[in-house]
Amino acid sequence: MTESRLILVPSAADGTTGIPVSTIRGERPGPVLALIAGNHGYEYPPILALQRLRAQLDPAALAGTIIMVHVANMPSFLGRTVYFSPVDGKNLNRVYPGNAGGTISERIAHAITTEVIERADYVLDLHCGDGNESLRPYVYQAVTLDARIDAANARLALAFGIDHILIDRNRPTDPARSLYCSTTAITRGKPALVVESGLMGQSDELSIECIVNGVRGVMRELEMTAGGPAPLEDPTYLDPSAVVSSPATGNLYPLVERDQLVEKGQALVRITDFFGAVLAEVPSPLAGKVLYVVATPPIVQGQPVACVGTPRKLDRGCR
Ligand SMILES: [Zn+2]
């Protein structure tokens, strides 16, 4: 059975909104897998991938339940904003687990935490490069202090099938201040992955199908479906990695491309003031691969300009 519903976010001084959710209940028992798109409303391939999956999934061939959040951040989606809500100026993916009495982004986060994440066994938080980010596909595999979660996260990452896996060691551990959607799941004992596929406000077929196939791989791995792509065998793990922030506000000029290998110290972007004088060239703190680089002119001091990860081959001794 496939159900559609709108989670109504409680009204307050800054208004209200709805979160469209599909629930696909398989005919056989199995885990609950939550698929969350649109925490960032300008990131379209995840949203379009869930439209496609909803039409394709057959409850008769499914064990367990899929909960799909089609557009988590409706104000940002309809308002076409990068990173921040047009209503309260907050980044939804920095205010989890949310607050029922807070501003609209905090109320959205609270609704998703209580109505989706707390009802799921596994969570995939689906993203891409935002409207300003030129990105090559990768997933974040969070490393925690919990061996069970770590093993499950590693399995999910291989099952998703994107060949670049960033080992992510720096997420919050307090469930009351989880900040991110995926960390909200992990701090509640549920394995979760962050997926990045797509870039620059585009809706390209390759980025969409990459997500559709990835979800199918995870469903197969969790034995929710009989078929689906096999897990990846030889990924590139990126560890360590760094998000590089801008030291200045101004115009940004990218000096590297997504997927490019860079040396430690190599300039990633140039920032000028609004009269053209160079304020800074921002160096890479490590040698590695450019996972994303900001590629549109506006830049604000403290915002990210790029993410770089150092490739390493897996130590197979533990497998
Ligand atoms: Zn995002």
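Side chains are part of it too, since the values below use all heavy atoms of this structure and drop only hydrogens, waters and symmetry mates. Counting starts at 1 for both ligands and their atoms, following the listed order.
- Under a 4.0 Å N-O distance rule, the pair Arg136/Glu196 does not qualify as a salt bridge.
- Salt-bridge annotation for Glu205 and Arg52: present, with a side-chain N of the basic residue lying under 4.0 Å from a carboxylate O of the acidic one.
- Thr249 contributes a side-chain N or O that, together with a main-chain N or O of Gln301, makes up a donor-acceptor pair within less than 3.5 Å.
- For the Zn ion (ligand 1), the nearest N, O or S atom contributed by His127 is named ND1.
- The Zn ion (ligand 1) has an N, O or S atom of Glu43 inside 2.8 Å of it.
- Under a hydrophobic-cluster definition in which Ile, Leu, Val, Met, Phe, Trp and Tyr are linked whenever side-chain heavy atoms come within less than 4.5 Å, directly or via other members, Val194 and Ile117 are assigned to different clusters.
- Nearest N/O/S atom of His40 with respect to the Zn ion (ligand 1) is recorded as ND1.
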